[in-house]
Amino acid sequence: MGSPPLVWYASYGSNMYSARLRCYLEGGTPLGAQRSYVGCRDRGPARRVAASEFPGGVYFATESPVWHGGRAFFDPELTGRAAMRSYLVTAGQFSDIAEQEMYREPGPDLDLSTVLRTGRDKLGPGRYETLLYLGDLGGYPVLTFTAPWSASEIEKNPPSAAYLAMLVGGLREAHGWPLSRIAEYLSPLPGVQGHWPAQEIADLAPRIDP
């Protein structure tokens with residue numbers, strides 16, 4: 001058998017921050033979180049990492065027991081473009097990351113045939129059990145996961161400082177944006193708007209500085 005097929009995992013939330021994603025790949029407890037992750041069956045690093053943007057938008061809803069605030073979700077029907085960070089991983093690693101997001105043990109691999117054929121596959125009712133195919137990058141499919149509902153169907157909930165700091169760090173790592181631009185991107189997002197002024201978002205940077 002050859003090498004496992006590769007896919008891009010497009011993150012739009014806290015996994016944009018590389019130290020956070022490493023806990024999903026290798027196991028460990030992310031900075032600021034209150035939950036440890038077992039890691040993937042294949043603990044190798046991502047083959048490539050790329051800054052990316054896709055049509056749609058990010059919003060915050062539900063309540064995270066890990067971060068104690070709203071979680072990030074992606075809705076491709078929202079206007080605008082969502083800033084993401086894409087990691088080239090094996091299909092097995094993508095599957096294991098998705099399972100850990102649902103607080104489950106990794107393995108076996110998810111069946112990606114439906115999402116690659118139709119663009120969307122609802123694997124279950126859970127908050128991160130709906131797979132989306134966003135296109136291709138460098139010859140490999142770009143996949144992400146989000147909620148089965150749309151942004152208009154759920155009450156928004158602002159993220160905690162610790163969670164939002166992960167997004168600040170991830171956007172700075174991935175896109176190289178200055179803090180002012182990061183704050184301008186995050187502050188109007190549904191769930192953030194009206195709760196986190198741009199300056200307060202920029203002030204979160206020291207939480208994730210080495």
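- To the nearest 0.5 Å, the span separating OH on Y133 from CH2 on W8 amounts to 13.5 Å.
- Using modelled atom types, one side-chain atom of Y163 and one backbone atom of A72 make a donor-acceptor pair closer than 3.5 Å.
- Checked by atom type, the side-chain pair T62/R127 shows no donor-acceptor distance below 3.5 Å.
- The backbone N or O of S150 sits less than 3.5 Å from a side-chain atom of E153, completing a donor-acceptor pair.
- Under the ring pair (Phe, Tyr, Trp, His ring centres under 6.0 Å) criterion, F60 pairs with no residue at all, not counting sequence neighbours.
- Across all their heavy atoms, A50 and L137 have their closest contact at CB-CD2, 4.1 Å.
- Taking CG from L143 and CG from L132, the interatomic distance works out to 9.0 Å, rounded to the nearest 0.5 Å.
- Between W177 and Y185, the ring planes are perpendicular. Angles over 60° get that label, and only those under 30° would be called parallel.
- Minimum heavy-atom separation, L167 to S14: CD1-N, 3.5 Å.
- The number of heavy-atom neighbours closer than 6.0 Å to CD of E155, taken from other residues, nucleotides and ligands shown, is 12 or below.
- S18 places none of its side-chain heavy atoms less than 4.5 Å from the side chain of V49.
- Considering NZ of K156 and CZ of F73, their distance stands at 11.0 Å, rounded to 0.5 Å.
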Pair V142-D136, side chain to side chain contact (heavy atoms under 4.5 Å, CB included): steps then yes or no: CA-CA 5 Å; V142 182; D136 292 281; 5.7 Å; no

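- In this structure, H175 contributes its side chain and M84 its backbone to a donor-acceptor pair below 3.5 Å.
- Counting heavy atoms from C-beta outward, Y37 and R20 have side chains that approach closer than 4.5 Å.
- For the residue pair Q100/D96, the side-chain donor-acceptor check at 3.5 Å is not satisfied.
- Counting all heavy atoms, side chain and backbone alike, F74 lies closest to T146 at O-OG1, 2.8 Å.
- Of all heavy-atom pairs between V192 and L186, the closest is CG1-O, 3.2 Å.
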Residue pair V115, T130: steps toward the side chain to side chain contact (heavy atoms under 4.5 Å, CB included) verdict: CA-CA 9 Å; V115 67; T130 296; over 6 Å; no

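- The side-chain contact (heavy atoms from CB on, under 4.5 Å) check on S64 picks up V66, W67, R71, Y103, with sequence neighbours excluded.
- In this structure, the side-chain hydrogen bond (donor to acceptor under 3.5 Å, both in side chains) partners of D109, at least two apart in sequence or on a different chain, are R41.
- Listed for the T144 side chain is a donor-acceptor partner under 3.5 Å among the backbone atoms of A10.
- The minimum heavy-atom distance linking I154 with A61 is given by the pair CG2-CB, 3.9 Å.
- Of the N and O atoms on the side chains of Y9 and N15, at least one donor lies less than 3.5 Å from an acceptor on the other residue.
- Each salt bridge (charged side-chain N to carboxylate O under 4.0 Å, His left out) pair with one or both residues in residues 173-192, not counting sequence neighbours, appears once here: R85-E173.
- Side-chain heavy atoms closer than 4.5 Å link hydrophobic residues (I, L, V, M, F, W, Y) into clusters, and following such links, even through other members, never connects V38 to M102.
- For the pair Q93 and R47, the minimum side-chain heavy-atom distance is below 4.5 Å.
- For the atom pair OG (S187) and CG (L164), the distance works out to 10.0 Å, reported to the nearest 0.5 Å.
- Within the structure, the salt bridge (charged side-chain N to carboxylate O under 4.0 Å, His left out) test picks out the following pairs touching residues 53-66 (sequence neighbours left out): E53-R81.
- To the nearest 0.5 Å, atom OG of residue S11 and atom OH of residue Y24 are 9.0 Å apart.
- With ring centers used as reference points, F94 lies under 6.0 Å from F145.
- To the nearest 0.5 Å, atom CG of residue L179 and atom CZ of residue R172 are 5.5 Å apart.
- Of all heavy-atom pairs between A91 and V7, the closest is CA-CG2, 4.3 Å.
- Sequence neighbours left out, not one pair with a member in residues 116-125 passes salt bridge (charged side-chain N to carboxylate O under 4.0 Å, His left out).
- In this structure, the side chains of I97 and L25 come closer than 4.5 Å at one or more pairs of heavy atoms.
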